[in-house]
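Down below is the structure, laid out as structure tokens.
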Protein chains: 4
Amino acid sequence: MTTQSANPRYRSERSHKAILDAALKLCLEQGFAKTSVDAIAKEAGVGKQTIYRWWPSKTAVLVEAINRLGATSVGFPDTGDIYADLRTQMVAVAEYFRTTESSTYREVIGAAQSDPAAAQAILDTLVTPRVQDCRRRLERAQQQGQIRADADLDDVVELIYAPLYYRLLLGTRPTAPEQVEVILNLVFDGLRPRTPEPASGVSGS
Amino acid sequence: MTTQSANPRYRSERSHKAILDAALKLCLEQGFAKTSVDAIAKEAGVGKQTIYRWWPSKTAVLVEAINRLGATSVGFPDTGDIYADLRTQMVAVAEYFRTTESSTYREVIGAAQSDPAAAQAILDTLVTPRVQDCRRRLERAQQQGQIRADADLDDVVELIYAPLYYRLLLGTRPTAPEQVEVILNLVFDGLRPRTPEPASGVSGS
Amino acid sequence: MTTQSANPRYRSERSHKAILDAALKLCLEQGFAKTSVDAIAKEAGVGKQTIYRWWPSKTAVLVEAINRLGATSVGFPDTGDIYADLRTQMVAVAEYFRTTESSTYREVIGAAQSDPAAAQAILDTLVTPRVQDCRRRLERAQQQGQIRADADLDDVVELIYAPLYYRLLLGTRPTAPEQVEVILNLVFDGLRPRTPEPASGVSGS
Amino acid sequence: MTTQSANPRYRSERSHKAILDAALKLCLEQGFAKTSVDAIAKEAGVGKQTIYRWWPSKTAVLVEAINRLGATSVGFPDTGDIYADLRTQMVAVAEYFRTTESSTYREVIGAAQSDPAAAQAILDTLVTPRVQDCRRRLERAQQQGQIRADADLDDVVELIYAPLYYRLLLGTRPTAPEQVEVILNLVFDGLRPRTPEPASGVSGS
DNA sequence: TCATAAGCGAGACGGTACGTCCGGTCTTTGG
DNA sequence: CCAAAGACCGGACGTACCGTCTCGCTTATGA
């Protein structure tokens, strides 16, 4: 998942892995901001140049490292019930956002606000693939009539995940898994009062 | 709107204002990340110490500066139509998020990811007051039956604004004012297919 | 012993003394270099301005403070034996130069190397008066034939005291009182071998 | 002639020399006290860190720079006449002490009064080697009977040079070369009146 | 007796330099 | 020719002091 250029197949896989591991470890221990490239190099037993040869910045290293962590998780579940599947996935995300280790992700997104290349890498590497997974699941649900036919699915994906990111990045409140139900409820049923029948049950499919 | 301590009545209002102005100007010209405290001090014709005396960090200076900019805007509109009022307000936010000057806000939020004190200052100074404005408007709407009685209004505020922040901070796509309609439509009517009647009009009350 | 200008009889003797005392105390505790004007002001319970009103610099304050310390010591002894009187006086100086408190004097002379006004103050206040005392004593000795008639007494004063200052300021070796005898012996008898008789006993009186 | 530690063979000789040259130049132009480490670094086209890596302080840089200047001068002259040789050497020192460039040396000694490490460096690098040169010359003279056999030569060296340093550091009067004769005359012949001795003896011999 | 003028404690101010840290590049040495 | 080690230039950091300034308050003088 290298972002940089300038060399061929001579790359040392040993150093590659050591750098990613060291970067993650140090970020966990002291935070992304306090983790310097020098420190990563030293921790990895690697020359600083070796880092700069393969990544354009500290942020890029961590984008790759974070991605490698999350790469194990497979795609979106599909039980046939879109509400349940979204809940499953969102709860996983909400749980992750509550852990300390998500701080690194959070800080990386923060750093990317001043680093367009890093922002692009985050999008391409971390966000878009997962968004696409979600979107594909939504498409099936829409075809099955579980979701309004006129809804733009890109908008829907954002509507669903945005509250989690909002809380992560603004720190208004923790992304508790219980809140996932609340969000999904609102998103599925909308704000408008159900005129005849008194706002019926919430979840379902 | 000072964030720091250590002082009494001796404060020079002239320096105070010069610092906020200089900070905003430099951030506009070269971005928050490339704006150093030294540069702000020089631009403001002020000793660096004077900045550190009153603010704990560059980020804190800009939180106050940004707040002062937005302080002119009065509260939430109330025409009686919650949908229209939300649209008015969201369009204003979306417009702001599209301008270059919002980059400063964006980068400040980014920096706050590694600076809990700054994050708190953003919440207290910038976010919470505006969220409360919105919330109060929603309360009136709920009392008037324009919004489901069982909806938690804090959740609603987040649901509405989160997509704008999501796009601002992840850079998925610009926060075009046209998108505001789409978001509001989804939020008001929900994802669930309208069973008998084909997804009716959007606004209304 | 003020060095500065700008004022009349309104001077607060209380503050004057407090400043001198505080300056000496802090220099003893932490050295002249680490003693700031702010610290002196605070220790003395005095505004910084009050120091700058009466002295041009920290160094000037300490010149006066040191002088006040030494002002108690009366003039040069005169027992009729110039050798003995010089020894008495030199031993006193050598003892002082060995103590920790002479560090302040030493550092003040050091600071004066980059501050001509301070250098002049040291000369006028501390050095010249004592040199004149010594010179007057030497004049009487010369008239009594105890010192070569052709010796320039200014040169003699310097020749005698210079080795003590040399050791103080270059730190070659401590100014042990025993060394005073050695110096005086050399100065009185000279380096040249006593041709007929093999250089006999050393001191006298 | 490095004074600091922390490094091996990677040192850039180019930077090393540029720093010493810049330091001397700036001290000549504006004095040691007004010469900042930042200014030296800038003048030398060098990072400040590079200075701090190899020297503990500005003073240490100048000790080395001054030493390099004087390193060209070879040892003590030896014409067989100790009086003449001392005069030659002392005149050279006196001339140097009169020039503007000795101000740097003077200020460095001044700064060392508040910096024991620098004081030691001055001793080891600048003073002791030259003192030893002088001492060795005196030893030969003593063996040849040109100097009293019972004179301690370390004392003699100090006795001779101390008046020059005294005038340099206390600024009583300039170290005019003509004064060298006067000093040497006193030092060689002593203060005691010569033979027919009328005036009752003060001391012995 | 009181007005006034100054010194005074306090401390913020513009400014300079400090010594440290880190980013990104270059150089040295070894495999 | 890659890689470790790490020195290098540059620039920003946050702190410490400098000497000046502005505040109210107190205090001594002399009208």
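All chains are named by letter (A, B, ...) in the order of the sequence lines, taking the proteins before the strands, and each is independently numbered beginning at 1. The figures here come from the full heavy-atom set of this structure, side chains too, leaving out hydrogens, waters and symmetry mates.
Atom CG in C:Asp38 sits about 13 Å away from atom P in E:dA10, given to the nearest Å. Rounded to an integer number of Å, the gap from CZ of C:Arg53 to P of F:dC21 is 13 Å. What separates OH of B:Tyr52 from P of E:dG11 is a distance of 23 Å, to the nearest Å. In this entry the distance linking NZ of A:Lys42 with C1' of E:dC21 reads 13 Å, nearest Å. The distance between atom NZ of D:Lys58 and atom P of E:dA17, rounded to the nearest whole Å, is 9 Å. Taking atom CD1 of residue A:Ile51 and atom C1' of nucleotide F:dA3, one finds them 12 Å apart after rounding to whole Å. Rounded to whole Å, the distance from CD on B:Gln30 to P on F:dG11 is 13 Å.
Each of B:Arg14 and D:Val37 has a nearest nucleotide on DNA chain E; the 5'-most of these lies closest to B:Arg14. Nucleotides of DNA chain E nearest to C:Glu13 and A:Ser36 differ in position, and the one nearer the 5' end is that of C:Glu13.
Between the base of E:dG15 and the side chain of B:Lys48 there is no donor-acceptor pair shorter than 3.5 Å. Between the side chain of D:Gln49 and the base of F:dA7, no donor-acceptor pair under 3.5 Å is found.
Proximity note for A:Trp54 (side chain, C-beta onward) versus F:dA3, F:dA7, E:dG9: the nearest is F:dA3.
The side chain of C:Ser15 places an N or O atom within less than 4.0 Å of a non-bridging phosphate oxygen (OP1 or OP2) of E:dG9.
Note on A:Ser57: nothing from the nucleic acid sits closer than 4.0 angstrom, heavy atoms only.
Considering A:Glu107, A:Arg106, A:Gln113 as possible partners of A:Ile109, the one that fulfils the side chain to side chain contact (heavy atoms under 4.5 Å, CB included) test is A:Gln113.
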